[in-house]
Structures are given as C-alpha cells and as structure tokens.
Chemist: 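Supplied in structure tokens, the structure appears directly below.
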Number of protein chains: 2
Amino acid sequence: MTRAGTQAGPGRSARDTALIADTSHPSRREQILQAAAQLFAERGARAVGVDDIGAAVGVTGPAIYRHFASKDAMLAEMLVGISERLADGARERIAEAGPEPAAQLRALIDFQVEFALDNPALIVVHDRDLPSLPGADAAAVRRLQRRYVEEWVAVLARLHHGDDAAACRARAHAVFGLINSTPHSAGRLGRPAMGELLRRMAWSAATG
Amino acid sequence: MTRAGTQAGPGRSARDTALIADTSHPSRREQILQAAAQLFAERGARAVGVDDIGAAVGVTGPAIYRHFASKDAMLAEMLVGISERLADGARERIAEAGPEPAAQLRALIDFQVEFALDNPALIVVHDRDLPSLPGADAAAVRRLQRRYVEEWVAVLARLHHGDDAAACRARAHAVFGLINSTPHSAGRLGRPAMGELLRRMAWSAATG
DNA sequence: CCAGCAGGTTAACCGTCGTTCACCGCCGGG
DNA sequence: CCCGGCGGTGAACGACGGTTAACCTGCTGG
C-alpha cells in the first residue's frame, strides 16, 4: 500500500480520468498537500507526523522538506488556500447572480454545498486546526474567513431587512454549520440527493 | 475514587480565588475538568499541556495526577460525560413530549439549543478532539453519539415518512451542525435572542 | 496528641517528533 | 562524458511535554 509507485511520464495517462482533471497533474507538492489534508482531517493536524505524511505519498518523512519549509507552513498554505477559494468564489457567484438578494442567496448556498461535498476533508481541517497555526498565518486566515462571512451577511441583511448585523451573522454561521455537516454524514446518501437535501434545508433555515 | 466532597472548611488558603468566583463550590476534580474543557476548546486538546491546566486552577502540572490517571483519561471522562448527558437527555425529553412526532422534534430542538448555549466549550471539544482519544474510549463515545443520533432519526422518520433512514440521518446531522454553530457566533447576540433564532432556523431546516 | 492520608511541590526521566545534516543516485544539457 | 542540482535517504539532535519519584504539609478522626 505504501508503494505509490511510478507515476509514468507527464501527459500520458489522461484518457480514463475525464472528470478528475484537476487532480491529474500531481506535482509531488500537490500530492503531498492532498494526502496531508486527508490525514489531518482524520486525526487532527497535531496528531499526524511528517513520517505519516511522507508514507502516504511513498517517501520518507524528511523528504517533505524538499517541498515545504515546515509542517506549519504546509498547514498554513492549506488553510489560506481554502479560505481564498471560498472568499473569491463567493464574490464571483454573487456577481453572476444579478441584483436580487434571493438569487444571490441561492447562489451562495449552491456554492457552499458544492464546496462542502467536493472537499469534506478541507472542511474539517478548516475549523478544527486553525488554532494550531502560528499567529500571523492564523490572522490571515481569519481575515479571509471574515470577508467570506461578510459576503453572506450583506446578502442576508437585504433579505431580512428588519434584522441587525449580529443576527445575520449568527444566521450565516448557522447555515455554514448546517452545510458543513457533510463530513459527519459521510457517504450513505448519494451525492446528488445529498446536495439537493442540503440546498433545501439551507434555504429553509436561511429564510424561514 | 475519593468523593472529595469535603472542602476543608472555611477557605482561607493563600490565593485560591484566582478565576473561580462565580460557580458555587465544585470539587477540585470538577474545577479541573471545567478549566480543561475551556482550554481544550480554545486551543485543541493536544495543544494544551498539563501545566496549563494546572495553572488554570492555581496548582502545578503534576497535581493533576492526584485526580486523574492521565490526560487522556480526563479527555475521555469529558467526552463520555457529554455524550451521556445528550443521549439520556434526548430520551427523557422525547418521553415527556408525548406521542406526537412534531412535539417530540420540538422538544429535541429545544434540548439541543439549550445544551449548545450552555456548553459551547464542550460542543467544540466534542467533535474536534474525539480522534485523539485512545481507541476504546473513542468507541464508547461513538456508541453514545450513535444512540443520540438514532433518537433523532426515529422522530424525523415519523415526520417525513417518505424518506429513508440515510436521508433522515443526514438531516439530523445537518440540524446538529446548525445548532452547534453557537461557538462560532459567540456572544454578539443575547442568549434569549440567539436561542429563539436557532430554534426557528432548526425547525425550518428539519421540516422544510 | 499522634498517625495518616489527601493533595501539592520540585526535579528528573523519557519517548515522541519536528527539523537538520551529510551523503547519494538519477537525469538533462553543455 | 561529465556535471549540477533536484529529490530522496538514514542518522542524529534538541525541544517539548506527559508521567513518575521523592518529599512535604496541614487537616481530621481515633
């Protein structure tokens, strides 16, 4: 199992993997990041050793340091990456959705559901292992998170124009919690059904 | 072991009035457990040392071992305790709510909201630090969790009698996620308003 | 009044783990 | 054909943190 084996040449084996195009230029660095994310999600970042991460991609522990400055740097890159994708994605989706707050909310929900179903491991790491980041990186992540939340708050505030900002913020966090429950109810339901269920529940929660 | 109920009469020891002014007079054991829960919630169980825990109640690190066999045992007791309170509480509330599934669901939601608002720290530790428990304890906790979830699933299944068990389970987890978002939107909104908001959102999500 | 024990203290031990070091095989370009 | 550097290896190091040991103290019950 540890024998990850020969990865063939570049541009060779793309025929059978139509829908996983993004995971197919594996560039060691990204392999490591992905394997690490998986392990972090399962056991928690501090419980995973660099040897474990190395083993997961078929190398020894210290080989990691050819690609990352430190384990913390790895975690930082992971968390900042997620947070950026979320914050940027939300901005885009809102812009594409037009001026109606209802349409914008629907776009945000679709986006978050999609993300949660695609990246359950990252979701877990995202709010479990933030406190184990060095202060500076943690601050950066929190800034991005805040930006993302405020995106939601702005939309929610226009829908429920009686509510104050604190209520909208609580509402947003509640919807995140709802959608990000995917890692807990893993697998049983098929992905399309799960997506539909979450979208409906999130919409009811956000507007009801 | 030792009930330790005897609190050494009138307290006039040097500096025991550090940060435990509000709670009545819990035993050392419980003081430690509570302080540890707080620290675990803030930084993650593996990131807090026994010295930190000791310092939080005004003693040195190794003093902990007069009350607990190990740090893991402490965490285990904490998590098993939470899980038992939830599982037992749910059973009770359902029994008190009568035969109507709608009333039962409302009772479950009230209970979970109450718990989440009362124990944000425990909520966080509960699903962040489970994987850092030794296997046996982790299994016990998961059994209790499962019992709690099944309590919800049974009620939900009677409300949505078209849905299968997997869908109901996913629904239950989603509602947990929604309600357990309290630690993320800490404090801004007053407790009664927060409770009301969460109850309404949870109800909409569960039934909508 | 004395024994004993619950509960603390400091110092030391020891395993784990992140990180560094010195060395090495492979591969592509002058 | 050599050569540089990229990526990998095993060994070693140092810090940190859980746990234990040895010793101390002040109630409390007989």
Chemist: Whole Å only: how far is the OH atom of A:Y65 from the C1' atom of C:dT20?
Modeler: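 Atom OH in A:Y65 sits about 9 Å away from atom C1' in C:dT20.
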
Chemist: Could you list all N or O pairs between the protein and nucleotides 6-8 of chain D that sit under 3.5 Å apart?
Modeler:
unit_1 : atom_1 : unit_2 : atom_2 : d
D:dG8  : OP1    : A:R28  : NH1    : 2.1
D:dG8  : OP2    : A:H67  : NE2    : 3.0
D:dG8  : N7     : A:R66  : NE     : 2.9
D:dG8  : O6     : A:R66  : NH2    : 2.4

Chemist: State which residues pass salt bridge (charged side-chain N to carboxylate O under 4.0 Å, His left out) with B:R143; sequence neighbours excluded, sorted by chain then number.
Modeler: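 Partners of B:R143 under the salt bridge (charged side-chain N to carboxylate O under 4.0 Å, His left out) test: none.
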
Chemist: Could you pull out all residues at least two apart from A:D88 that satisfy salt bridge (charged side-chain N to carboxylate O under 4.0 Å, His left out)?
Modeler: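 Residues passing salt bridge (charged side-chain N to carboxylate O under 4.0 Å, His left out) with A:D88: A:R147.
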
Chemist: List for me each residue that meets salt bridge (charged side-chain N to carboxylate O under 4.0 Å, His left out) alongside B:R169, sequence neighbours excluded, and say none if there are none.
Modeler: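 Scan of B:R169 (salt bridge (charged side-chain N to carboxylate O under 4.0 Å, His left out), adjacent residues dropped) gives B:E150.
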
Chemist: I need the CG-P distance between B:D72 and C:dT16, as an integer number of Å.
Modeler: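 Rounding to the nearest Å, CG of B:D72 and P of C:dT16 are 14 Å apart.
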
Chemist: Rounded off to whole Å, could you give me the CZ-to-P distance for the B:F68 and D:dT20 pair?
Modeler: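 Spelled out: CZ on B:F68 to P on D:dT20 is 15 Å.
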
Chemist: List for me each residue that meets salt bridge (charged side-chain N to carboxylate O under 4.0 Å, His left out) alongside A:D163, sequence neighbours excluded, and say none if there are none.
Modeler: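 Salt bridge (charged side-chain N to carboxylate O under 4.0 Å, His left out) check on A:D163 returns A:R171.
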
Chemist: According to salt bridge (Lys or Arg N to Asp or Glu O under 4.0 Å), does anything in residues 197-208 of chain B pair up with another residue at least two apart or in another chain? List the pairs.
Modeler: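 Non-adjacent pairs meeting salt bridge (Lys or Arg N to Asp or Glu O under 4.0 Å): B:E196-B:R199, B:E196-B:R200.
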
Chemist: Restricting to pairs with a member in residues 67-85 of chain A, which pass salt bridge (Lys or Arg N to Asp or Glu O under 4.0 Å), not counting sequence neighbours?
Modeler: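 Passing the test, one end in residues 67-85 of chain A: A:R29-A:E77.
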
Chemist: Starting at atom CG of A:D51, determine the distance to atom C1' of D:dA11, rounded to an integer number of angstrom.
Modeler: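 It works out to 13 Å between those atoms.
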
Chemist: List the residues meeting side chain to side chain donor-acceptor pair (under 3.5 Å) with B:Q112, not counting sequence neighbours, and say none if there are none.
Modeler: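 B:Q112 satisfies side chain to side chain donor-acceptor pair (under 3.5 Å) with B:Y148, B:N180 only.
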
Chemist: Can you run down the salt bridge (Lys or Arg N to Asp or Glu O under 4.0 Å) pairs that involve residues 117-137 of chain A, sequence neighbours left out, and say none if there aren't any?
Modeler: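 Listed by first then second residue: A:D118-A:R191.
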
Chemist: In whole angstrom, give the distance that lies between atom CD1 of A:I64 and atom P of C:dT20.
Modeler: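 From A:I64 CD1 to C:dT20 P: 14 Å.
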
Chemist: Of the candidate nucleotides D:dG18, C:dT19, C:dT10, which contains the atom at the shortest distance from the side chain of B:K71?
Modeler: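 Nearest to the side chain of B:K71 among the choices is D:dG18.
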
Chemist: Within residues 37-49 of chain A, find the residues that approach DNA chain C with a heavy atom at under 4.0 Å, and present them sorted by residue number.
Modeler: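 Only A:V48, A:G49 qualify.
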
Chemist: Could you tell me the separation between the CG atom of A:D52 and the C1' atom of C:dT16, rounded to a whole number of Å?
Modeler: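 These atoms are roughly 12 Å apart.
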
Chemist: Please list, in numerical order, the residues of residues 129-139 of chain B that have a heavy atom closer than 4.0 Å to any atom of DNA chain C.
Modeler: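 Residues of residues 129-139 of chain B under 4.0 Å from DNA chain C: none.
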
Chemist: Let me have the donor-acceptor pairs involving side chains of residues 43-66 of chain A, under 3.5 Å, with sequence neighbours excluded, atom names and distances please.
Modeler:
unit_1 : atom_1 : unit_2 : atom_2 : d
A:R43  : NH1    : A:D52  : OD2    : 3.4
A:D52  : OD2    : A:G49  : N      : 3.0

Chemist: Short question: side chain of A:H160, backbone of A:A206 - any donor-acceptor pair under 3.5 Å?
Modeler: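 Such a contact is found between A:H160 side chain and A:A206 backbone.
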
Chemist: Okay, side chain of B:S70, backbone of B:A73: is any donor-acceptor separation there less than 3.5 Å?
Modeler: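 Present.
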
